[in-house]
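Letters A, B, ... are given to chains in the order of the sequence lines, protein chains preceding strands, and every chain is numbered from 1.
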Amino acid sequence: MQLLKSDILPLIEKAVEALGVDSGLVERMLQASTEHTWPPACDLSLPCFQFAKTLNMAPAAIAERLSKEIPEHEAIHEITAVNGFLNITASSSWLADHVLNQRTPHRSDERREVLIEHTSANPNGPFHVGRARNAILGDTLVRLHRLWGDEVTAEYYVDDMGKQVAVLAWALENMSEEEVESLLKDRDPINPQWAQKADHQRVRWYQAAQLRRKESPDATAIEAAIGTLVHASENGDQGVLDSFERAYKPVLDGMLETLGRLGIHYDRFTKESVFVTNGDVAELMNELGQLEINGVADNGAQYLDLGQRGLKGKTEFFYRRGDGSSLYATRDIAYHRWKWTQCNELINVLGEDHRLQAKQVGLTLEELGERRPEVMFYSFIKLPEGKMSTRRGNVVFMDDLLEEAKAHATDVLKERRPDLDDETMAHIAEAVGTSAVRFNIISVSPEKGFTFRWEDALSFEAGSAPFIMYSHTRACSIRRKVRDVDPSYLDQTFQGEGPTDEMPYGLVQLLRTLAVHDDQLSRVVREHRPNLFANYMLQLSMAYNMFYRDCYVIDHGEVNPFFFAVSERARTALRAGMDALGIVALESM
RNA sequence: GGGCGUGUAGCACAGCUGGAUAAUGCACCGGCCUCCUAAGCCGGAGAUCGCGGGUUCGAAUCCUGCCACGCCCGCCA
């Protein structure tokens, strides 16, 4: 709890010095050490073990002595010595004052312009759950940074010149619908609900072409035709690039429609081919060729020997083919140099399969005198049956998942809220369904393996998005009730002291949880760990529920202005935090 | 074979810049709707933190060896 720490640190340092130890350690050791239990046992804690040797005293005795040395302070409710720890609990009225008046520590001093690149999936078919982790994590990171006050650009890097797009373009030009459907006759047919959606339509051409490339008698000729297209695109052939764009654009639009349903939007789309056609890639390859770690292969291909810069394993990083054309990673470096002209903080969201390449790109950027971007890696989402693949067709489409989630939410609603009309019910079900899907994914650490299970994705119980949404609607409901009693309460800001006597347990827990909000958000943004904020939002909801249990804002028709002020503060914090996680903040559900 | 990542109750998952009784949810057992939404609240039970060594007053956390799983090791994208 930085708030409390900065206030009372001098007091503690003075007491420690009086004992005869160097107080320089205190700043680092005074910590909110009780984060591992919830609710926390105290607000700040000082472990006294390190002082034991120099003082030749037992830690418990040191803690005991310190607890008596520290004078009274308005922020401190209680200081106790427990098992060699000096435990400090904040005064509730001090907490209330700081929380209600938003006396939070200042945030980032300089304005940060952050560019976050995420999703960047090949536009070859509908968005599926396997890709969802990138988009959901990335978008959540964007939102969290915005909550923290950073200026953020969310960017999608469009792979408009690779083999996957070439396959799609070739298929659309060379295969008939009959042929496609006959090749895919063993697979599930297109879901009639999405029959008019271009991503669902065109992915069948893509899948059929992938089969033909591998299995048909003319596979070699097809492969050659596609190879020619890829080659032309890499050389910046505008006619080919245009035909690629005509092929993928409707697919990309379909994917974006799906993502939009999850609240995911982008500020900018940058096409990979741009860096080929504008000459950046050629210039880059020239520069790389001048580097001292540059090497040339027998056929004229060029690479950097990154072993000299600490890379282990395979150390040769090829950036130029024997025929002089660029590679995907080369273009990525050109893209990164451009990105650095657009921001002062760069974050990429990448799958774990990109770890090596990200390292190569990062080292090369440093070699060129640029900074390396920060990267949030995540491991892939699997199905219980194994890895997902658009090519093989064993995927759960996000469109289907969202429909399923909505249908499930509707079932729950019909049971709990039979009073609602169809339109309201559909609105709530959509919000609950999409929020639950997002939360299911962001609440686990990105680097941990994730197996998609319907029963988890559709869980609406405690520990899920609807749990948080429900707490928020309670706060909204209380606000409505207060307005009914006397609308003037809504315009008032709470003035003066809170109650000076003992506050109810739930109220204290809520104040403490609100007080650590910025500590949590700061860490989450700094370390790119959205799951920790998901956890915090659950704690905030739990704390609000405890407050709701212990404190009646409206009691016997009378409004308690202090309780109402706390409830409102919690409501706005819930609301803002939900926005940052992409959870829809309904006023009633 | 080499590099990187992960391993925590029956299941899922947090905690990893060392600190107290390892948090949370599901499932399981018991209680709470004449009072602001019970998608809620309260209580109970459940853990050899993959295994072995080491460092330390103190290790889930740091170091090291081993095991299991995943990803990568293309002049592919």
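Here B:rC4 presents its P atom at 19 Å from CG of A:L350, a figure rounded to the nearest Å. Separating the CG atom of A:N440 from the C1' atom of B:rU24 is a distance of 15 Å, rounded to the nearest angstrom. Note: CG (A:N83) to C1' (B:rG19) measures 11 Å, nearest angstrom. Put simply, CE on A:M589 is 11 Å from C1' on B:rG40, counting in whole angstrom units. Whole-Å rounding puts the A:L306 CG to B:rG3 C1' distance at 14 Å. If you take CG of A:D456 and C1' of B:rA14, they are 16 Å apart, rounded to a whole angstrom. In this entry the distance linking OH of A:Y544 with P of B:rC41 reads 13 Å, nearest Å. Rounded to a whole Å, the CZ atom of A:R526 is 12 Å from the P atom of B:rU17.
When the P atom is compared between B:rC4 and B:rC66, the two are found 13 Å apart, to the nearest whole Å. One P atom belongs to B:rG30, the other to B:rC69, and the distance between them is 41 Å to the nearest Å. B:rA27 and B:rG10 have their C1' atoms separated by 8 Å, given to the nearest Å. When the P atom is used for both B:rG70 and B:rC75, the distance is 25 Å, rounded to whole Å. Separating the P atom of B:rU55 from that of B:rC11 is a span of 34 Å, rounded to the nearest Å. Taking the P atoms as reference points, B:rA68 lies 35 Å from B:rC57, given to the whole Å. Spacing of P atoms, B:rG53 relative to B:rU17, comes out at 24 Å, to the nearest Å. A distance of about 15 Å separates the P atoms of B:rC62 and B:rA14, rounded to the whole Å.
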Residues 224-235 of chain A side chain polar contacts: donor-acceptor under 3.5 Å, at least two apart:
{"residue": "A:T228", "atom": "OG1", "partner": "A:A224", "partner atom": "O", "Å": "2.8"}
{"residue": "A:H231", "atom": "ND1", "partner": "A:N235", "partner atom": "ND2", "Å": "3.3"}
{"residue": "A:H231", "atom": "NE2", "partner": "A:D323", "partner atom": "OD2", "Å": "3.0"}
{"residue": "A:S233", "atom": "OG", "partner": "A:M161", "partner atom": "O", "Å": "3.0"}
{"residue": "A:S233", "atom": "OG", "partner": "A:V230", "partner atom": "O", "Å": "2.7"}
{"residue": "A:E234", "atom": "OE1", "partner": "A:R321", "partner atom": "NH1", "Å": "2.8"}
{"residue": "A:E234", "atom": "OE2", "partner": "A:R321", "partner atom": "NH2", "Å": "3.4"}
{"residue": "A:N235", "atom": "ND2", "partner": "A:H231", "partner atom": "O", "Å": "3.0"}

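Checking the phosphate oxygens (OP1, OP2) of B:rC41, no side-chain nitrogen or oxygen of A:R474 falls inside 4.0 Å. Applying the 4.0 Å criterion to OP1 and OP2 of B:rA38, one finds that A:Y548 has a side-chain N or O inside that range. Contact annotation: A:R523 does not reach the phosphate of B:rG15 (side-chain N/O to OP1 or OP2, under 4.0 Å). Here A:R453 does not reach the OP1 or OP2 of B:rC11: none of its side-chain N or O atoms lies under 4.0 Å away.
Distance from the side chain of A:M542 is smallest to B:rU24 among B:rC16, B:rU24, B:rA39. Comparing B:rC16, B:rA20, B:rC36 against the side chain of A:R529 picks out B:rC16 as the nearest. The side chain of A:Y552 approaches B:rC35 more closely than any other nucleotide in the set B:rG15, B:rA39, B:rC35. Taking the side chain of A:K448 as heavy atoms from C-beta on, and the options B:rU6, B:rG40, B:rA39, the nearest nucleotide is B:rU6. Looking at the side chain of A:V553, the nearest of the listed nucleotides B:rC36, B:rU6, B:rA20 is B:rC36. Comparing B:rA39, B:rC57, B:rA20 by their closest approach to the side chain of A:P466 singles out B:rA39.
In this structure, A:Y319 reaches neither bases nor backbone, as no heavy-atom distance under 4.0 Å exists between it and the strands shown. Residue-level contact check: A:N545 touches the backbone only, with heavy atoms under 4.0 Å from sugar-phosphate atoms and none from bases. A:T451 comes within 4.0 angstrom of nothing in the nucleic acid, heavy atoms only. As judged by a 4.0 angstrom heavy-atom cut-off over every strand, A:L532 is placed among residues touching the sugar-phosphate backbone only. The residue A:K359 sits apart from the nucleic acid: no heavy atom pair falls under 4.0 Å. Counting non-hydrogen atoms under 4.0 angstrom, A:C476 reaches nothing in the nucleic acid. If you check every strand for non-hydrogen atoms under 4.0 Å, A:F49 touches a base. In this structure, A:E455 reaches neither bases nor backbone, as no heavy-atom distance under 4.0 Å exists between it and the strands shown.
When ring centroids are compared, A:Y536 and A:H517 come within the 6.0 Å threshold. The aromatic ring centres of A:F317 and A:Y303 sit 6.0 Å or more apart. Aromatic rings from A:H118 and A:Y156 are positioned such that their centres are separated by 6.0 Å or more.
In plain terms, the two heavy atoms of A:R133 and A:G449 that are nearest each other are NH1-C, 4.2 Å. Residues A:A436 and A:F460 approach most closely at CB-CE2, 3.5 Å, considering heavy atoms. Of all non-hydrogen atoms in A:L55 and A:L19, the two that sit nearest each other are CD2-O, 3.3 Å. Taking both residues in full, the closest heavy atoms of A:G324 and A:M285 are given as O-CE, 3.6 Å, listed atom of the first, atom of the second, then distance.
With a 6.0 Å cutoff to the six-membered ring centre and a 45° limit on the axis angle, A:R474 counts as a cation-pi contact of A:Y548. A:R355 forms a cation-pi arrangement with A:F377, by the criterion of a distance under 6.0 Å to the ring centre and an angle within 45° of the ring axis.
A donor-acceptor contact under 3.5 angstrom links the side-chain atoms of A:N87 to the base of B:rA20.
Nucleotide B:rC33 carries a syn base; the chi torsion (O4'-C1'-N9-C4 or O4'-C1'-N1-C2) is within 90° of 0.
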Task: Protein-to-nucleotide contact annotation, 5' to 3' order, nucleotides 67-77 of chain B [B base; S sugar-phosphate only; - none; under 4.0 Å, heavy atom] - done: ---SSSSSBSB
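One finds no salt bridge joining A:E587 and A:R479 here, because no Lys/Arg side-chain nitrogen approaches an Asp/Glu carboxylate oxygen to under 4.0 Å.
Map A:R417 and A:V82 each onto its nearest nucleotide of RNA chain B; the residue landing nearer the 5' end is A:V82. Residue A:K312 is the one, among A:K312 and A:M546, whose nearest nucleotide of RNA chain B lies closer to the 5' end (criterion: closest heavy atom).
Stacking between A:F85 and B:rG19 is absent: the aromatic ring centre is not both under 5.5 angstrom from the base six-membered ring centre and within 30 degrees in plane angle.
In RNA chain B, runs of at least 3 stacked Watson-Crick or G-U pairs (N1-N3 plus N6-O4 or O6-N4, or N1-O2 plus O6-N3, all under 3.5 Å) give these stems: B:1-7 with B:67-73, B:10-12 with B:24-26, B:28-32 with B:40-44, B:50-54 with B:62-66.
Among the candidates A:N294, A:T330, A:D332, the single residue satisfying the side chain to side chain donor-acceptor pair (under 3.5 Å) test with A:Y319 is A:N294.
You'll find the side chain of A:L581 reaches within 4.5 Å of the side chain of A:I442, heavy atoms only.
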